[in-house]
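One structure is given below, encoded as structure tokens.
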Amino acid sequence: MRTELHRQPTSPLTAVRNLGILAHVDAGKTTVTERILYLTGAVHKRGEVHDGTTVTDFDSQERDRGITIFAAAVSCDWDGHRINLIDTPGHVDFSDEVERSLRVLDGAITVFDAVAGVEPQSESVWRQADRHGVPRIAFVNKLDRAGADLDTAVASIRDRLSTVPLVVQLPIGSEDGFTGVVDLLRMRALVWADGRDTYEEGQVPDGLREEARHRRRLLEETVAELHPAALEEFCADSSVSERTLTAALRDLTRTGEGVVVLCGSAYRNRGIEPLLEAVVAYLPSPLDVPPVRGTLDGAVQERAADPAASFAALVFKVNSTATGRLTFLRVYSGTIGKGDTVLDTGTRRHERIGRILRVQAGRHSDVDKAVAGDIVAVIGLKAARTGATLCAPAAPLVLEPPTSADPVVSVAVEARRSTDTERLVTALARLVEEDPSLTVRTDPETGQTVLSGMGELHLEVAVEKIRRAHELEIGVGRPQVAYRETVARGVSGLVYRHVKQDGGAGQFAHVVLDAEPLEAGGDLDADNGGDAGFVFRSTVVGGRVPQEYVRAVEAGCRDALAEGPLGGHPVTGLRVTLTDGATHSKDSSEMAFRTAGRFALREALRASAMVLLEPVAEVTVTVPDDAVGGVLGDLAARRGRVSGSIARAGTAVITATVPLAELFGYATRLRSRTQGRGTFIPRPTGYAPAPDPVSPGTPAR
């Protein structure tokens with residue numbers, strides 16, 4: 001057994017780990033985080049999600065709902081290492097919180113339920129981590145549950161995530177009898193006695209010895225297939241040593257060629273110590289990841305993780321609290337101290353750092369400085385927004401900001417008392433500042449204030465936050481989804497002449513356009529909003545339209561995408577080709593051609609056959625066997641297309657594609673049909689043609 005739980009960190013960058021905890025809702029992320037904090041001595045009492053006593057779920061709404069809503073940063077020390085953790089939400093409506101966190105992390109622990117395996121949001125966050133190139137290790141949690149099976153969970157990781165699972169542990173016991181694991185690298189048993197927080201190390205039980213040898217052999221063979229050094233040793237000695245295996249697992253984890261899989265039960269505090277040991281052994285430090293890349297005047301620059309280099313940091317979260325405005329930073333290079341002046345390269349504004357805080361979710365403590373590799377919060381910045389780059393004034397740099405998906409659900413909001421209207425405007429502005437995935441606009445026809453977000457729950461949480469934080473009474477309209485428009489059949493050779501002469505210099509532009517569908521059928525990508533699903537090209541020859549005017553025509557066409565002819569919804573899935581045009585020696589200008597491009601495309605869209613698109617979601621519904629028929633009928637009534645059904649221990653897991661507008665209020669309906677035993681998880685997957693009866697602007701039922 002480990003005799004010393006944690007030592008004070010030596011603080012070099014090699015001893016820093018910046019990690020996220022990723023998973024599907026209810027897989028146990030927050031419990032894993034709590035047990036890590038408790039085991040490392042960061043807290044002295046274990047918090048429980050069901051009691052509302054966890055450190056990271058510190059917001060009142062999180063405790064009321066029993067789920068993680070906001071990404072929370074915490075820090076702890078383990079075995080001479082500083083571990084900065086971000087506990088991320090697992091609900092699909094808050095995937096932008098995960099996106100912003102992954103942008104600044106060096107590694108992650110992905111938690112899976114030992115009964116359910118890879119669930120829909122598990123797959124989504126895995127793909128997000130793939131896009132950011134974040135190395136991961138996997139922790140199969142809840143092995144003490146009835147029906148838990150490590151092999152089934154590992155098979156789902158292999159099949160659904162298209163990765164190579166490298167299982168380094170074998171469970172000792174199953175379900176209620178789960179007491180420990182066999183460490184396949186050291187071939188030792190790690191057993192947690194009842195009431196003990198640390199394991200006892202001993203011999204592998206006789207009944208598992210043969211199975212452990214077999215699994216160790218499988219691990220060696222799998223690693224040898226992927227790693228040259230392991231293959232060389234395996235061919236020479238017919239085995240791979242613990243030292244070579246550990247080094248190979250570290251390399252494969254950091255390159256993403258494989259994922260180390262551990263197991264345990266966080267609720268019973270079993271498996272957390274080996275998980276921390278794996279974090280230190282396999283996941284990268286800030287020195288192990290490539291230098292951060294930024295741009296300056298179009299030139300690409302790199303900044304190494306060096307405390308002595310020029311300061312550069314990325315703002316990934318902004319939060320307004322009773323003590324002031326907290327700006328969360330990931331410091332990539334250099335050192336920053338209290339009172340220092342930094343440059344916001346986006347706004348070209350200089351700001352002063354008032355205080356630097358080491359954050360422990362809802363609590364924080366002052367530190368004198370932050371260095372490369374740190375994740376901290378600062379007080380004193382007045383204008384820095386999420387995605388802003390802060391750097392030394394003498395060495396400016398622009399880092400790539402995290403991306404935000406387009407909102408898909410909207411509600412109208414208004415203050416119930418006219419005297420509170422200005423307070424509501426201020427509250428909404430602050431809300432959007434904290435959460436960039438929310439947008440606020442004024443409907444030009446009705447004059448209503450419209451709040452848009454990633455889902456029904458996302459908007460519920462946002463509205464409730466305003467009510468609680470600002471003590472406002474708010475009226476909320478019925479939810480509406482964000483429709484799009486696309487071209488089913490385009491037009492060719494549309495001619496538009498823009499001529500304006502009202503004294504002085506005139507305006508002249510002549511353009512000929514083709515407009516056609518970008519994709520021939522099929523669902524369009526969920527991120528194709530506004531001008532994202534738009535391609536412009538020019539086939540004009542002979543210099544009939546100069547290049548600067550071609551760019552102006554493209555800009556005008558993009559302006560026209562904001563409102564389609566069916567109902568003023570954004571247009572997507574469109575290819576426009578400029579085929580011909582003409583200019584005037586005196587009256588042609590970029591403004592004239594931009595105007596011509598805008599009106600020409602509007603005419604082309606009116607002449608085209610247009611289709612209204614509605615957002616659709618992949619829904620995973622888990623229901624008792626005796627309720628399957630009623631649930632399938634209800635999904636069909638909601639225009640759902642069932643794509644699969646799996647029976648699992650008295651329950652059925654149904655997968656279907658359903659229009660997002662039909663899912664409003666579905667949670668209540670599902671509970672009534674299943675006596676409260678049914679659950680569902682939606683995941684927006686894109687847009688699909690809406691049926692004729694659904695007209696633009698029709699409110700959701």
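In what follows, every heavy atom counts, from backbone to side chain, and hydrogens, waters and symmetry copies are set aside. Just so it is clear, the model here is predicted, and its values are computed rather than measured.
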Answer yes or no: is there a donor N or O on one side and an acceptor on the other, between the side chain of [X] and the main chain of [Y], under 3.5 Å?
{"X": "Arg330", "Y": "Val104", "value": "yes"}
{"X": "Thr389", "Y": "Leu399", "value": "yes"}
{"X": "Glu351", "Y": "Ala383", "value": "yes"}
{"X": "Arg355", "Y": "Gly380", "value": "no"}
{"X": "Glu97", "Y": "Ala71", "value": "yes"}
{"X": "Glu257", "Y": "Leu252", "value": "no"}
{"X": "Asp251", "Y": "Ala248", "value": "no"}
{"X": "Arg254", "Y": "Pro135", "value": "no"}
{"X": "Arg17", "Y": "Leu283", "value": "yes"}

Sorted by chain and number, sequence neighbours left out, salt bridge (charged side-chain N to carboxylate O under 4.0 Å, His left out) with Glu123 holds for Arg127, Arg160
| said: Holding to salt bridge (charged side-chain N to carboxylate O under 4.0 Å, His left out), I want the full list of residues that pass it with Arg385, two or more places apart in sequence or in another chain. | reply: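 Testing Arg385 for salt bridge (charged side-chain N to carboxylate O under 4.0 Å, His left out), a comparison that skips the adjacent residues, returns Glu433.
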| task | Tell me, with the steps shown, if Asp306 and Ser333 meet side chain to side chain donor-acceptor pair (under 3.5 Å). | result | CA-CA 5 Å; Asp306 181 0; Ser333 67; over 6 Å; no
Practice task
Scan for side chain to side chain donor-acceptor pair (under 3.5 Å) pairs involving residues 452-461, sequence neighbours excluded, and state none if there are none.
Solution key: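 Every pair satisfying side chain to side chain donor-acceptor pair (under 3.5 Å) with a residue in residues 452-461: Ser410-Ser452, Asp435-His458.
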Ion pair check, Lys382 and Asp344, cut-off under 4.0 Å: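 No, Lys382 and Asp344 are not salt-bridged.
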For this session: Considering only NZ, NE, NH1 and NH2 on the basic side and carboxylate oxygens on the acidic side, decide whether Arg594 and Glu590 come within less than 4.0 Å.
Result: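 Here Arg594 does not pair with Glu590 in a salt bridge, since their nearest N and O are not under 4.0 Å apart.
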Contacts of [X] that satisfy side chain to side chain donor-acceptor pair (under 3.5 Å) - sequence neighbours left out:
{"X": "Glu119", "answer": "none"}
{"X": "Asp368", "answer": "none"}
{"X": "Ser404", "answer": "Asp96"}

